[in-house]
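First the structure, in the form of structure tokens, and then the observations on it.
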Amino acid sequence: MGKHFTLKERYIFETLLNKFKYTFKQLANYFNKSLKTIYNEYYRGLVTLLDTNYNEYTIYQADVAQRKYESNMKNCGRNLLISNNIELANRLDDLMYYDKYSPYSAYQIVKQERNDINFCLSTLINYRDSDVFLHTCNELRIYKKSKKKNTVKQAKRNNSEKQLIDNRDKDILKRDSFGHWELDTVIGKQGTKEVLLVLTERMTRFELIYRMTSKECDSTWNIFVNLKNKLGDTFYNYFKTITCDNGVEFSQNSNALMSDVELNLFIKNNLFYCHPYRSNERRSNENANRLIRRFINKSEDISNYTDEYIKYVQDWINTLPRRMFNGKSSIDMLRLNI
């Protein structure tokens, strides 16, 4: 008594009722359940069929009863905390789908916008995974799991003139001082020339994104020459070290770099190269690139995007509420540290 019917018991119920013509009272005695429970089970699995003469008849089917039971069990429990607030549900759905925010960032944004949030972040994630919102869980998930093959790549020899990351001050790993940047490029569709130069500040995760007409070292260092001219003497307060990979776009054999003696000297002393195939040595930069990929796919030509759109992506990243900063954004952390 008191236990729900299992699938096996339902098949026995079907056989006893349909084949051996047990009465409801006999079924109640057999399963040691109340007569009301037997009636409920019977009507749960009752279906209407047609015989060979197209006459309707009703019969109990265990599979039907099991499906209804499982469906009802999914709807058990307390009502959704968000069920009576369609406006809030739509706002969260829009933030996660159209604005491409993670559940954490979307939760922080709506907490700042309104004071009627009556559930926690874990509940929001459960709602997303249970397809409560207008868009499905797969549509709202930002990153898709993919299987990567473990391939061993042969490391390239580094130019002896390059300063490896091993020579960088170990205190930089603590991320407790501003001005240490990671540098990378984001490419577009294969065969296209335009790329994005991405700079990520290690302490605040503040992001700078610049369009480059080609993946050449002159394009890279021209941007730094312009930055230096724009910031003047304060340039060296904002930029203390730069860490990049071994791409050709970061080669120091650049006419743009040679034309500025002061900047050239700074780059030689403060530019550090990661080991080949060690993107984890620029982890902040790689994570920022993943954020950019929410808006700019690899299969698209970067020249198709306007400067205003690229600026929008940069501002979106810099105003993104981050868990590591207790809900503050990179721009908030920048203001606190400069």
Side-chain angles (χ1 to χ4, degrees), residues 79-146 184 186-189 192 194-200 204-211 284-334:
N79 294 330
L80 296 177
L81 296 173
I82 203 172
S83 59
N84 295 325
N85 199 334
I86 303 301
E87 181 189 353
L88 174 59
N90 290 337
R91 175 61 175 153
L92 287 166
D93 183 76
D94 289 345
L95 287 170
M96 290 188 288
Y97 183 75
Y98 295 107
D99 296 332
K100 306 184 189 302
Y101 284 107
S102 66
Y104 176 83
S105 299
Y107 185 74
Q108 293 298 322
I109 289 172
V110 295
K111 275 181 66 178
Q112 295 173 10
E113 293 177 347
R114 52 204 303 159
N115 55 8
D116 59 345
I117 310 298
N118 59 344
F119 53 86
C120 65
L121 175 62
S122 297
T123 302
L124 172 59
I125 295 173
N126 288 335
Y127 286 167
R128 181 201 64 179
D129 294 343
S130 302
D131 291 338
V132 169
F133 295 104
L134 180 63
H135 294 94
T136 65
C137 172
N138 287 334
E139 291 174 319
L140 295 179
R141 279 190 180 277
I142 298 165
Y143 303 121
K144 306 294 187 295
K145 293 182 179 180
S146 60
D184 195 16
V186 171
I187 62 174
K189 185 178 180 180
T192 59
E194 285 202 8
V195 298
L196 297 177
L197 183 69
V198 180
L199 295 89
T200 309
T204 62
R205 272 62 166 194
F206 187 77
E207 191 82 357
L208 294 174
I209 305 175
Y210 297 96
R211 184 200 298 273
S284 298
N285 211 197
E286 291 295 325
N287 288 336
N289 291 349
R290 294 177 73 189
L291 296 177
I292 294 173
R293 287 300 184 197
R294 298 188 193 181
F295 301 89
I296 300 175
N297 295 326
K298 262 187 178 179
S299 59
E300 297 179 3
D301 188 348
I302 290 176
S303 63
N304 294 334
Y305 296 96
T306 63
D307 292 338
E308 290 75 16
Y309 186 78
I310 294 173
K311 178 68 164 54
Y312 163 77
V313 175
Q314 174 184 290
D315 293 343
W316 183 93
I317 294 174
N318 289 331
T319 56
L320 177 70
R322 296 177 183 260
R323 189 194 297 265
M324 69 179 75
F325 300 142
N326 294 322
K328 289 185 173 63
S329 65
S330 294
I331 191 70
D332 295 329
M333 299 302 295
L334 181 69

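Thr123 and Asn126 share no donor-acceptor pair across their side chains, judged by distance under 3.5 Å alone.
Asp301 pairs by the side-chain hydrogen bond (donor to acceptor under 3.5 Å, both in side chains) definition with Ser303, not counting sequence neighbours. With sequence neighbours excluded, no residue forms a side-chain hydrogen bond (donor to acceptor under 3.5 Å, both in side chains) with Gln314. Remark: Arg322 engages Ser330 in a side-chain hydrogen bond (donor to acceptor under 3.5 Å, both in side chains) (not counting sequence neighbours).
Pairing each heavy atom of Leu320 with each of Leu291, the nearest pair is CD2-CD1, 4.2 Å. When all heavy atoms are compared, the tightest approach of Phe295 to Asp99 is CZ-O, 4.1 Å. Taking both residues in full, the closest heavy atoms of Gln108 and Pro321 are given as CB-CB, 3.7 Å, listed atom of the first, atom of the second, then distance. Heavy-atom minimum distance, Arg323 versus Tyr104: N-CE2, 3.0 Å. Closest of all the heavy-atom pairs between Ile331 and Ser329 is CG2-OG, 3.0 Å. A pairwise comparison of heavy atoms in Ile209 and Glu207 identifies CG1-CG, 3.9 Å as the closest pair.
For the pair Thr192/Ile187, no side-chain contact is recorded, criterion being any heavy-atom separation below 4.5 Å from C-beta on.
With Arg211 contributing its side chain and Ile302 its backbone, the two residues share a donor-acceptor pair below 3.5 Å. Of the possible polar contacts, none joining the Asn318 side chain to the Asp315 backbone as a donor-acceptor pair under 3.5 Å is found.
Here the CD1 atom belonging to Ile317 is positioned 10.5 Å from the CG atom belonging to Leu208, to the nearest 0.5 angstrom. From Arg205, atom CZ reaches atom CG of Asn285 across 11.5 Å, with rounding to the nearest 0.5 Å. Atom CD1 of Ile109 sits about 11.5 Å away from atom CG of Asp94, to the nearest 0.5 Å. In this structure, the separation between CZ on Phe206 and OG1 on Thr200 is 10.5 Å, given to the nearest 0.5 Å. A distance of 10.0 Å separates CE of Met333 from CE of Met324, quoted to the nearest 0.5 Å. Rounded to the nearest 0.5 Å, atoms CD1 (Ile125) and OH (Tyr127) are 12.5 Å apart.
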Next item on the list: Mind running side-chain contact (heavy atoms from CB on, under 4.5 Å) on Arg293 and Val186 for me, showing each step along the way?
Entry: CA-CA 9 Å; Arg293 287 300 184 197; Val186 171; 3.5 Å; yes

Check: Would Ser284 and Asn287 count as a side-chain hydrogen bond (donor to acceptor under 3.5 Å, both in side chains) if you check the C-alpha gap in whole Å, the side-chain angles of each, and the deciding distance to 0.1 Å?
Finding: CA-CA 5 Å; Ser284 298; Asn287 288 336; 5.8 Å; no

Next item on the list: Decide yes or no on side-chain contact (heavy atoms from CB on, under 4.5 Å) for Ile82 and Leu124, but give the supporting numbers first.
Entry: CA-CA 9 Å; Ile82 203 172; Leu124 172 59; 5.7 Å; no

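Ion pairing between a basic and an acidic side chain is recognised when a charged N comes within 4.0 Å of a carboxylate O; Lys311 and Asp307 show no such pairing.
If you run side-chain hydrogen bond (donor to acceptor under 3.5 Å, both in side chains) between Asn85 and each of Asp116, Asn118, Asn90, only Asp116 comes through.
Note on ring orientation: taking the six-membered ring where Trp is involved, the planes of Phe119 and Tyr107 are tilted (angle from 30° to 60°).
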